[in-house]
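Accompanying notes for the structure given below.
Reckoned from all heavy atoms, side chains included, excluding hydrogens, waters and symmetry mates.
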Amino acid sequence: MKLQTLSVLLAIAAAHASKINPLHIKRQATSSTATSATVAASSASSSSGTSAVSSSTTGTSTGTATGSTTAVAVPASATWGTSFPPLSQISSGMPSEVTQPVTTTYSPGTSPTYFSGADPLPTAFVFNAADWPAQDKLPDTSSSEVQEWMKELDGWDIPDLSPTVDGTCVSDPTNVANASARGWWTCGGYTRDTDITVCPGKPMTWGTSFDDGPAFYTTKLLHFLNEQNIKATFFDVGSRCIENPSVLIDEYMSGHEIAVHTWSHPHLTTLTTAEIVAELGWTRKAIKTILGVTPTTMRPPYGDIDDRVRAISLAMGMVPIIWTRTPAGVSFDTFDWEIPGGVVTSEASFTQFEAILGNASTLEDGFIVLEHDLYEQTVDMAIGYTLPAALSHNPPFTLEPIGQCNGIPYTNMYVESNLNTSFPIANGTSDGGIDTDGDGTGDAKSKNGTSSATSSSNGAPPRHVSYSIYAAITLATLAAVVGAL
């Protein structure tokens with residue numbers, strides 16, 4: 001049955017107002033946002049506090065926030081062999097340390113042991129520049145791969161929304177005035193029921209995630225996570241995946257969830273439809289080539305998403321995941337990404353994080369926090385301060401990857417092992433699956449795990465009907481909507 005319109009489903013969303021406009025220092029040169037000013041003010045208020053002092057032998061550190069001294073207890077079992085610097089020394093000018101090796105080297109043919117139905121790792125990845133777009137640049141939309149991926153949008157009603165000016169609010173008053181109608185998260189915090197933004201019904205649960213890797217210092221983070229038996233969701237950038245394939249493999253084989261975070265980290269609402277498809281498609285292909293699996297979730301860089309970006313993501317089989325914002329506008333963003341650029345201090349970032357913990361304790365649902373593994377500074381903040389603070393909180397927070405905290409089994413986080421035939425893709429042979437590598441052939445599997453690859457060169461799209469496993473749309477509502485199509 002042809003799905004006539006996605007907008008019917010999106011219309012039942014509940015919007016949450018917020019004024020915070022996050023900007024990512026890696027891609028964004030300006031820092032004149034309200035959020036940056038707020039955090040900078042917090043930094044000034046804590047400048048007289050005592051710097052953190054860490055000890056790799058005692059496993060404890062003392063951090064500061066808003067002028068007071070706060071003890072941050074690192075679990076006694078934290079013996080991963082590396083230390084983290086005092087909080088005051090985590091800055092844009094800090095000296096770099098030697099990177100750590102991956103936690104384990106995995107051979108092709110090795111299969112994950114933490115979920116059933118997982119395919120073995122494919123042949124070892126060998127980079128060939130001719131096979132990939134230029135790193136950190138918008139991919140060419142005229143390529144044969146992108147043209148094949150564009151067919152996945154057939155049968156979907158992609159909203160006819162013009163691209164935003166630059167993905168921010170200050171430069172685009174016209175679209176800001178229409179932010180609610182277009183479901184623009186960046187300017188107003190508007191979400192739809194197809195977005196994952198919390199850990200529903202799981203108070204005191206932290207949906208743990210890291211963006212922008214796999215990077216040089218991701219390995220340091222992985223050592224810590226493995227030691228503490230913490231699993232997270234990694235939103236990986238395609239350009240980094242082909243640059244650091246062994247780190248991506250280490251993430252996946254260690255039991256962390258892998259999700260798409262675009263090829264070059266742009267504001268997606270600024271792009272054409274074909275450019276969005278290219279950004280998502282090439283990243284999906286990179287992950288598939290290296291790991292042998294295709295993620296069913298994605299996160300838009302900067303959280304920059306609207307109804308057009310949502311529709312494209314869902315049509316390509318990827319559910320959008322954003323970090324939590326409260327109705328009052330409190331963003332669960334640690335702003336660790338502003339430390340490497342010198343926009344805020346580490347003390348100010350940790351102050352913001354303490355505010356997050358305070359707000360989280362009052363929520364009925366669990367929450368999703370934004371952190372990054374691209375920089376040494378952000379990794380040091382995570383392993384030395386934010387994660388230990390959550391673990392030592394009284395009562396302690398439960399740290400889970402986002403899929404798990406939403407009740408999504410590992411199998412359904414990837415196309416190849418997904419057992420849910422209604423979301424995020426249709427796995428049956430009649431639907432063709434998703435063409436992850438742009439060769440004109442669907443690459444999904446059927447419900448029983450056997451291959452169901454069929455040609456999609458005739459433009460037949462995969463059908464996406466039910467989003468209920470990841471979102472709060474009831475089956476009754478879906479039945480009514482689908483029945484009306």
Side-chain angles (χ1 to χ4, degrees), residues 22 24-26 35-36 39-40 42-43 46-47 49-56 59-66 69-75 78 80 82-97 99-100 206-213 215-225 227-228 230 232-235 323 331-358 360 367-393 397 399:
H24 197 295
I25 195 66
K26 178 164 68 77
T35 299
S36 298
V39 178
S42 298
S43 173
S46 64
S47 60
T50 304
S51 297
V53 178
S54 65
S55 171
S56 59
T60 61
S61 67
T62 301
T64 63
T66 60
T69 301
T70 303
V72 181
V74 179
W80 58 98
T82 60
S83 61
F84 51 89
L87 189 60
S88 62
Q89 293 182 15
I90 301 177
S91 65
S92 59
M94 65 183 289
S96 297
E97 66 178 49
T99 58
Q100 296 187 20
W206 174 353
T208 311
S209 66
F210 295 92
D211 288 19
D212 296 351
F216 297 121
Y217 292 95
T218 302
T219 51
K220 185 176 182 180
L221 174 63
L222 290 173
H223 280 279
F224 177 84
L225 296 178
E227 177 67 28
Q228 300 304 317
I230 299 171
T233 304
F234 282 88
F235 293 91
W323 52 98
S331 174
F332 281 49
D333 180 351
T334 61
F335 298 101
D336 60 347
W337 44 270
E338 291 189 324
I339 298 173
V343 179
V344 301
T345 65
S346 54
E347 292 95 338
S349 176
F350 191 66
T351 296
Q352 170 69 10
F353 177 76
E354 288 186 315
I356 288 175
L357 294 188
F367 55 97
I368 296 171
V369 175
L370 175 65
E371 294 188 275
H372 298 80
D373 61 314
L374 178 62
Y375 298 109
E376 182 178 11
Q377 293 93 333
T378 59
V379 169
D380 282 338
M381 287 296 296
I383 70 172
Y385 299 95
T386 58
L387 295 176
L391 293 172
S392 63
H393 188 273
F397 290 96
L399 276 58

Output the distance between atom CD (E338) and atom CG (D333), rounded to the nearest 0.5 Å. 7.5 Å
Any donor-acceptor pair under 3.5 Å linking the side chain of Q377 with the backbone of S91? yes
Side chain to side chain contact (heavy atoms under 4.5 Å, CB included) for I339 and V344? Distances and angles first, verdict last. CA-CA 5 Å; I339 298 173; V344 301; 4.1 Å; yes
Once rounded to the nearest 0.5 Å, what's the spacing between atom CZ of F367 and atom CH2 of W206? 6.5 Å
Kindly check if the number of other-residue, nucleotide or ligand heavy atoms within 6.0 Å of CZ (F397) is above 12? yes
Please say which of T208, I356, T386 ends up in a side chain to side chain contact (heavy atoms under 4.5 Å, CB included) with V369. I356
Rounded to the nearest 0.5 Å, how far apart are OG1 of T378 and CD1 of I383? 10.5 Å
Between D373 and K220, does at least one N-O distance fall below 4.0 Å, as a salt bridge requires? no
Kindly give the heavy-atom pair with the smallest separation between F235 and S209, and that separation in Å. CE1-CB, 3.6 Å
Set out, in order, the CA-CA distance, both residues' side-chain angles and the distance that settles side chain to side chain contact (heavy atoms under 4.5 Å, CB included) for L391 and I230, then state yes or no. CA-CA 10 Å; L391 293 172; I230 299 171; 4.0 Å; yes
How long is the span from the CG atom in D380 to the CD atom in E97, to the nearest 0.5 Å? 6.0 Å
Please give me the minimum heavy-atom distance between G341 and S92, naming the atom from each residue. C-CB, 4.2 Å
I'd like to know if the side chain of Y385 reaches the main chain of L87, judged simply by a donor and an acceptor atom lying under 3.5 Å from each other, with no hydrogens or angles considered. yes
Separation between OG (S96) and OH (Y217), nearest 0.5 Å, reads 4.0 Å
Identified side chain to side chain contact (heavy atoms under 4.5 Å, CB included) partner of L370 from the options T334, D336, D211: D211
Contact summary for P388 and A382, nearest pair of heavy atoms: CD-O, 3.3 Å
Using only atom types and a distance under 3.5 Å, with no angle test, would you say the side chain of S346 pairs donor to acceptor with the backbone of I90? yes
Heavy-atom side-chain proximity of T218 to F210 below 4.5 angstrom: no
Any heavy-atom pair between the side chains of Q228 and L399 that's under 4.5 Å? no
Looking at side-chain heavy atoms only, is the closest gap between Q352 and S349 below 4.5 Å? no
With rounding to the nearest 0.5 angstrom, report the CG to CZ distance, L387 to F224. 5.0 Å
